[in-house]
Each structure stands twice: as structure tokens, then as C-alpha cells.
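Here the structure is laid out as C-alpha cells; the discussion comes afterwards.
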Protein chains: 2
Amino acid sequence: MSVTIDLATMHQSAEAASRLMRVLANADRLMLLCQLTQHELCVSELEEMLDIRQPTLSQQLTVLREEGLVTTRREGKKIYYQIAPGPALAVMQVLYQQFCGAEA
Amino acid sequence: MSVTIDLATMHQSAEAASRLMRVLANADRLMLLCQLTQHELCVSELEEMLDIRQPTLSQQLTVLREEGLVTTRREGKKIYYQIAPGPALAVMQVLYQQFCGAEA
DNA sequence: CATATAATATATAAAAATATATAATGATTG
DNA sequence: CAATCATTATATATTTTTATATATTATATG
């Protein structure tokens, strides 16, 4: 039950956490994830909803994919994005509470 | 009870949230805040605990100060830092749970 | 008081990481 | 193969990080 944590361990955890924070440190990506917490959506739907240009959108989605925050599924020409389970989801919930009105 | 949120409003919230994420998107700053969630500490104590060079430390603390995540108190030559209440604290708690072992 | 020392902050500049626009490329379907 | 949906490449602008040097503030001492 020690309170002091080994520095190396703490550093590792901090690196991992800061990496997630870095992915979330962009309004476009936050909005994308926020939409995806509700239900899966394809790229063109996201583009229309959020008014982000298509290449930029695709680049941000690539970041989310590479960091494992979303998974994809192809259906014909469309690619559907879903949010993946993990720490990101927990953080998104807190952010929603804190910044988008906590409805009790 | 509408599910769709106004785009402009969402964008504003996302900007605010991403701004917080940006501040937390750095391992040094996360470790600093993590220490400060326990109790206030002065700069030299933080420097020793975390093994960060003094100017770097001071620069990171300035970021935290300017973003309102910490407050300070001078005592003689020393300046003590405390964490400020707000959304950052809520996020830090989730990060601790998720990345530093959730002890049930 | 003048000066030394300790604790912290700021300035500046160079390097690294991110973001974004435009243009080009890939995949799928009819 | 033309049209649609999406990704990648390239170039450029912007932001962040960090190191070195310097400044500030408070205390202590001769």
C-alpha cells in the first residue's frame, strides 16, 4: 500500500496517458469521436455532419485508426468507423460531462 | 431532449476540451499534476521528485498556471504549487484509473 | 547597505512535431 | 471505364519542446 510510485513506472504511465491526450488534443478529432460514441458512421456522413474537408478528415481518421481509438468496416464503397473500447471512451465520457453540460 | 447538437455549440465545446487535452498532452505536465493531486509542492521538490531540468520544469509549470490548472503561493524563496479545481481534476482521476492501475 | 546565494522565472533560438491545403492515387461499383 | 468514396503524397505553415543563457525575487551575512 505504498503511496510513492516508482519513477520509471510513473513515467511509462505518463507517456501512455499523454499519448492519448495528444490524440484528443484536436477539436476535429474530438468531434469525430463524440459522434462515433453514439453510433458508427461512414466518412462521407462525418464529413457532412462536421463540415471538415475531406482530406483533413481522412488524415484525422488515420490518426484515430493508428492509435487504435477506432476500427473500421467496409461496406461497398463506404467505410464505416466505430469507436473502439478502451481508455479513450472513459475520457470522452468525462469530457462530455464537463464540457457539454452535465444533465445530472 | 434533442439528440442532435448544434454544430457551432459542439465546436465551441470541442475547442475548450481540446485545449485542456493539449495541456495534458505531455508526460512531464501529467506527472506534475499527478504529484500535485496528492498535496501542494514547491518547485524544487517537484524538480527532485521528477528529475526534470529546472528551466523545463518552470516552463511547464508556467503552462499549467496560464491555463488555470494550478495556483501558487509564495513562502519566502519558495513557491508552492497546488492543483486548482475544475475539469482537469476529473480527467486526471480517469487517467489515473486507466493508466496507473485501478485498485478496484 | 552591499553583496552573495538560493529558488524560480523568462528570453531566445534551434529542433521536432502537428496541421492543412492542393494535388494525385486507390478501391469499388455500375 | 466513368463515377463515387476514401486515402496518400507533397509542400508549407504553425505549434510545441527544450537547451542555454540571463533575469528576478527573497533571504542571509559581513
Side-chain angles (χ1 to χ4, degrees), chain A residues 11 14-33 35-36 39-84 88, chain B residues 11 14-33 35-36 39-84 88:
Chain A
H11 199 273
E15 281 295 348
S18 71
R19 188 168 169 142
L20 173 58
M21 295 295 93
R22 212 170 301 130
V23 179
L24 301 185
N26 175 288
D28 288 343
R29 289 195 295 266
L30 279 183
M31 290 193 295
L32 289 171
L33 284 174
Q35 295 303 315
L36 293 174
H39 39 70
E40 68 168 11
L41 289 165
C42 72
V43 180
S44 48
E45 286 171 330
L46 288 166
E47 186 180 0
E48 191 192 353
M49 293 173 83
L50 298 181
D51 193 32
I52 304 173
R53 299 203 182 184
Q54 194 271 321
T56 297
L57 178 58
S58 192
Q59 280 157 358
Q60 305 296 17
L61 287 172
T62 299
V63 174
L64 296 179
R65 246 187 292 122
E66 288 179 348
E67 292 293 327
L69 271 59
V70 296
T71 57
T72 60
R73 174 175 77 80
R74 172 154 232 150
E75 195 177 307
K77 275 180 272 189
K78 296 180 180 175
I79 294 180
Y80 283 90
Y81 278 77
Q82 309 112 49
I83 202 161
Chain B
H11 199 273
E15 281 295 348
S18 71
R19 187 168 171 143
L20 173 58
M21 294 296 94
R22 212 170 303 129
V23 179
L24 301 185
N26 176 288
D28 287 344
R29 290 194 295 266
L30 278 183
M31 290 193 295
L32 289 170
L33 284 173
Q35 295 304 313
L36 293 174
H39 39 71
E40 69 167 13
L41 290 164
C42 71
V43 180
S44 49
E45 287 171 328
L46 288 166
E47 187 179 358
E48 191 193 354
M49 294 172 83
L50 299 180
D51 193 31
I52 304 174
R53 298 199 183 184
Q54 190 273 318
T56 298
L57 179 57
S58 192
Q59 280 157 357
Q60 304 297 17
L61 287 172
T62 299
V63 172
L64 296 178
R65 247 187 291 122
E66 288 179 348
E67 293 292 326
L69 271 59
V70 297
T71 57
T72 60
R73 174 176 77 79
R74 172 152 230 152
E75 195 178 305
K77 277 180 273 189
K78 295 181 181 174
I79 295 179
Y80 283 89
Y81 278 76
Q82 309 111 49
I83 203 161

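Convention: sequence-line order gives letters A, B, ...; per-chain numbering from 1.
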*Going through the distances and angles, do A/K78 and A/V43 end up as a side chain to side chain contact (heavy atoms under 4.5 Å, CB included)?*
CA-CA 7 Å; A/K78 296 180 180 175; A/V43 180; over 6 Å; no
_Among residues 54-63 of chain B, which ones have heavy-atom contacts with DNA chain C below 4.0 Å?_
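Residues of residues 54-63 of chain B under 4.0 Å from DNA chain C: B/Q54, B/P55, B/S58, B/Q59, B/T62.
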Take atom [atom1] of [X] and atom [atom2] of [N], then tell me their distance rounded to the nearest Å.
{"X": "B/E66", "N": "D/dT16", "atom1": "CD", "atom2": "C1'", "answer": "14 Å"}
{"X": "B/K78", "N": "C/dA6", "atom1": "NZ", "atom2": "P", "answer": "13 Å"}
{"X": "A/E15", "N": "C/dA17", "atom1": "CD", "atom2": "P", "answer": "12 Å"}
{"X": "B/M31", "N": "D/dT17", "atom1": "CE", "atom2": "C1'", "answer": "14 Å"}
{"X": "A/D28", "N": "C/dT18", "atom1": "CG", "atom2": "P", "answer": "16 Å"}
{"X": "B/I52", "N": "D/dT17", "atom1": "CD1", "atom2": "P", "answer": "12 Å"}
{"X": "B/E67", "N": "D/dT15", "atom1": "CD", "atom2": "P", "answer": "14 Å"}
{"X": "B/R19", "N": "C/dT18", "atom1": "CZ", "atom2": "P", "answer": "20 Å"}

*asked:* Under 4.0 Å, counting only non-hydrogen atoms across every strand here, what does A/Y80 touch: a base, just sugar-phosphate, or nothing?
replied: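 Nothing, no nucleic acid heavy atom in range.
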*Before giving the answer on side chain to side chain contact (heavy atoms under 4.5 Å, CB included), spell out for A/L61 and A/L32 the whole-Å C-alpha distance, their side-chain angles and the decisive distance to 0.1 Å.*
CA-CA 8 Å; A/L61 287 172; A/L32 289 171; 4.0 Å; yes
Got a donor-acceptor contact below 3.5 angstrom from the [X] side chain to the [Y] backbone?
{"X": "B/T62", "Y": "B/S58", "answer": "yes"}
{"X": "A/E45", "Y": "A/C42", "answer": "yes"}
{"X": "B/R29", "Y": "B/V23", "answer": "yes"}
{"X": "B/T56", "Y": "B/I52", "answer": "no"}

*Would you indicate whether the side-chain heavy atoms of B/V70 and B/L36 approach each other to under 4.5 Å?*
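Side-chain contact under 4.5 Å: yes.
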*For residues B/L46 and B/Q35, determine if any side-chain heavy atom of one lies less than 4.5 Å from a side-chain heavy atom of the other.*
yes
*Donor-acceptor side-chain pairing of B/R65 and B/Y81 below 3.5 angstrom*: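 Side-chain D/A pair, B/R65 to B/Y81: present.
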*asked:* A/L50 vs A/L57, test: side chain to side chain contact (heavy atoms under 4.5 Å, CB included). Steps then yes/no.
replied: CA-CA 9 Å; A/L50 298 181; A/L57 178 58; 5.6 Å; no
*Shortest non-hydrogen contact from A/S18 to B/L30?*
N-CD1, 3.4 Å
Side-chain N or O of [X] closer than 4.0 Å to phosphate OP1/OP2 of [N]:
{"X": "B/Y81", "N": "C/dA9", "value": "yes"}
{"X": "A/R22", "N": "D/dT16", "value": "no"}
{"X": "B/N26", "N": "D/dT16", "value": "no"}
{"X": "B/R65", "N": "C/dA9", "value": "yes"}

*Could you identify which residues of residues 42-50 of chain B place a heavy atom less than 4.0 Å from some atom of DNA chain D, listed by residue number, or say none?*
none
*How far apart are the C-alpha atoms of B/H11 and B/E15, what are their side-chain angles, what is the distance that settles it, and do they pass the side chain to side chain contact (heavy atoms under 4.5 Å, CB included) test?*
CA-CA 6 Å; B/H11 199 273; B/E15 281 295 348; 3.3 Å; yes
*Where along nucleotides 24-30 of chain D does protein come under 4.0 Å, by heavy atom, of base (B) or sugar-phosphate alone (S), with - for untouched nucleotides?*
-SBS---
